[in-house]
Structure formats: C-alpha cells, structure tokens
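Side chains included, hydrogens not; waters and symmetry mates left out as well; all remaining heavy atoms used. For reference, positions follow the sequence shown, starting with 1. We count ligands from 1, going down the list as the structure has it; atoms in each ligand are counted the same way.
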Amino acid sequence: MTTVDLSTNIAGVALKSYLMNASGPKCTTWEELEVVAQSASSAIMTKSCTMEYREGNPEPRYSDLPLGSIQSMGLPNLGYKAYLEMVPRLKALGKPVIVSISGFSIKENIEMVSAFQKSDVDLIEVNFSCPNIPGKAQVAYDFEQVESALAALTVLGDKPIGIKLAPYFDMSHFIAMATILNKFPVKFITCVNSIGNTLIIDPETESPIIKPKGGFGGLCGDYIKPVGLANVRAFRELLDDDVQIIGVGGIKNGVDAFEYLLAGADAVQIATCFEKEGEGCFKRIEDELTAFMVKKGYTQLSDAKNKLKPL
Ligand code: RRO
C-alpha cells in the first residue's frame with residue numbers, strides 16, 4: 001500500500017500531520033480542547049485570549065451561510081491565566097500546544113507573551129487581526145503599530161512566535177507587511193483571519209443576520225479560500241525562507257488542503273469546517289489529502305509544497 005507522509009514542523013515543533021484546528025471555533029474551554037486533543041488535529045490550538053475573562057459580543061453573533069459563515073464572537077475566552085494554568089494538562093494530552101493571544105495593547109500583549117514564554121507551550125501565535133471588537137481597529141492593518149509590536153514581542157524569550165494576519169488585498173500591502181516581518185525573528189505567520197466587517201442581510205426580516213456592530217462581522221469558509229490562497233502565495237514569495245506559513249481559509253476537503261500546499265503553506269488550520277462538521281473533519285480531510293497525493297504519485301509534503309506551476 002502506498003503511504004503518504006503528512007508530517008511537518010513549525011519552528012522545529014514536529015507535527016504528525018499537515019492539519020490542525022484554527023484559533024476560533026470550539027477551542028475555548030478545557031472540554032473543547034480535550035476534544036481537539038482526541039481528534040486527528042496535529043496540535044491543540046487555543047481560542048485567542050485576553051487579559052481577563054470575556055463573555056464576548058451579544059447574540060446572535062454567529063450564523064451559518066451556504067458557503068461558510070459570518071460571525072462576530074467578540075473574543076469570548078476564559079482570560080489568559082486560565083489557559084496558562086491549563087498548559088501542563090494540555091501538554092499531558094500528548095500533542096504540541098499552541099496558544100493564541102490577543103491583547104488590546106502592546107503592553108497587554110507583552111504581559112501575556114512573557115507569561116507564556118515561561119510556560120510549557122510549544123508555540124505562541126499573536127493575533128493581530130480580530131475584526132470584531134467595537135472601536136478597536138485591526139493591528140494588522142496598521143503597519144507602524146505592527147512594527148513596534150514586533151520589536152517588543154520578539155525579544156521576550158526563546159519560544160517561537162508567530163503572527164495571525166488579516167487578509168490583504170493589494171500587492172503594496174503584501175510588500176509592506178513582508179518587509180516588516182523580515183526585520184524580526186518571527187518564526188511563522190498564520191494567514192488569513194476572517195474577512196472583517198462584511199454584511200449579510202436577510203431580505204425577509206430586512207435586518208442583518210447577526211447583532212453586533214450593526215451586523216458587520218467576519219466572513220469565513222469557502223467565500224474566503226481564494227483570498228487565503230493568495231495571501232499564502234504572496235507571503236511565500238516575499239518572506240525569507242525561514243519564516244513559515246500556516247494557511248487558513250475555507251479548507252473543507254483534501255483538495256483544498258492540497259491547494260494551500262501548492263501555494264506554499266507548511267501546515268493548515270481548519271475553522272469553519274470544524275465548526276460545522278465537528279472533530280471528525282480532521283481525519284476525513286487527512287484521508288482525502290492522502291488519497292489525492294497517492295493519485296498524484298506524491299509521497300511527502302515537500303513533493304508539492306510551494307510548487308505551484310506558472311501558466
Ligand atoms: O472572537 C472573534 O470575534 C474573532 C477573533 Br478573536 C478573530 O481573530 N477573528 C474572528 O473572525 N473572530
């Protein structure tokens with residue numbers, strides 16, 4: 001039987017497969033994280049945390065859509081200290097643990113990154129791109145702030161740091177962001193977050209379908225796959241080789257995962273599909289990716305990684 005080796009690594013942390021959960025759905029509580037640990041996700045990724053516990057935005061704040069979802073969760077989470085305390089128990093579940101932090105200022109991010117630098121987590125993902133906090137702009141769209149934040153956050157310890165980026169839509173923005181990232185020892189980027197501030201209107205009720213921010217929320221799923229692929233591709237071409245890329249956006253089957261591999265992703269994360277289908281999605285997508293690679297005659301990720309063929 002032909003086998004395909006889907007193992008990979010991010011910043012030297014070995015991952016048994018190319019697929020893991022994304023910070024977002026079903027990774028806020030201990031019970032949810034235990035389910036991720038028992039699934040075929042190759043890491044345990046936590047929901048973005050803040051200094052204090054947050055209830056999040058008022059409901060309804062999530063809605064399925066035919067090709068994905070829209071949400072404005074508003075960073076509901078247990079507060080970073082709860083995740084810090086959970087780290088030993090999460091590690092005992094046997095997989096790399098990645099914590100996502102999402103402070104409201106550089107000072108808060110420094111405090112949280114410093115705390116996790118002293119913990120046993122494997123990787124730290126700093127979320128610069130939550131679109132759903134009323135009155136708070138996404139750091140990822142403010143290049144000066146990104147630069148000062150990275151200067152402060154990349155000197156706090158030896159644990160690898162990555163950045164969760166917002167989707168970009170102009171070549172000048174890819175270049176500006178990549179130029180900044182290449183100045184600092186950022187080990188990986190995760191791209192893309194949801195497309196922020198989109199609006200879905202129900203013509204029957206004549207209202208938005210989610211409540212926060214007048215209905216403006218992050219668009220997820222199939223709708224954003226071409227955006228995610230383009231962001232991974234653009235950054236792969238612009239970033240130094242030692243900055244790795246985790247792709248996310250609309251992956252719901254093995255072929256989607258394969259497309260991200262061609263674009264240059266070192267690993268991928270699953271959000272909306274996990275929300276809709278549950279934890280079985282990781283094994284299903286892994287099996288589909290394996291089958292597709294077998295069909296192509298590929299035996300390992302490097303056979304196709306970053307090998308998008310020019311037309
Ligand atoms: O919690 C959210 O509303 C949220 C976050 Br932190 C994020 O980074 N991206 C998103 O689409 N939603």
### Those atoms of ligand 1 less than 4.0 Å from some heavy atom in Ser194
10 (C), 11 (O)
### Query
Salt bridge between Glu111 and Lys107, side-chain N to carboxylate O under 4.0 Å?
no
### Message
Under a 4.0 angstrom heavy-atom cut-off, which atoms of ligand 1 come close to Leu75?
### Response
1 (O), 2 (C), 3 (O), 6 (Br)
### Message
Quick check on Gly218 - does any of its heavy atoms sit under 4.0 Å from an atom of ligand 1?
### Response
no
### Query
Just wondering, more than 12 heavy atoms not from Lys16 lying within 6.0 Å of its NZ?
no
### Message
Between the side chains of Glu277 and Lys252, is the shortest nitrogen-to-carboxylate-oxygen separation below 4.0 Å, so that they form an ion pair?
### Response
no
### Query
Residues two or more places apart in sequence or in another chain: which of them pass ring pair (Phe, Tyr, Trp, His ring centres under 6.0 Å) with Tyr62?
none
#### Entry: Sub-4.0 Å atoms of ligand 1 with respect to non-hydrogen atoms of Met73
1 (O), 2 (C), 3 (O)
#### Entry: Enumerated ligand 1 atoms positioned under 4.0 Å from heavy atoms of Asn132
2 (C), 3 (O), 4 (C), 10 (C), 11 (O), 12 (N)
### Message
Tell me the contacting part of Asn127 for ligand 1: side chain, backbone, both, or neither, using a 4.0 Å heavy-atom threshold, strictly below.
### Response
side chain
### Task
Select one of side chain, backbone, both or neither to describe which atoms of Pro131 lie under 4.0 Å from any atom of ligand 1, heavy atoms only.
side chain
### Task
Answer with yes or no whether Lys164 contacts ligand 1, where contact means a heavy atom under 4.0 Å from a ligand atom.
no
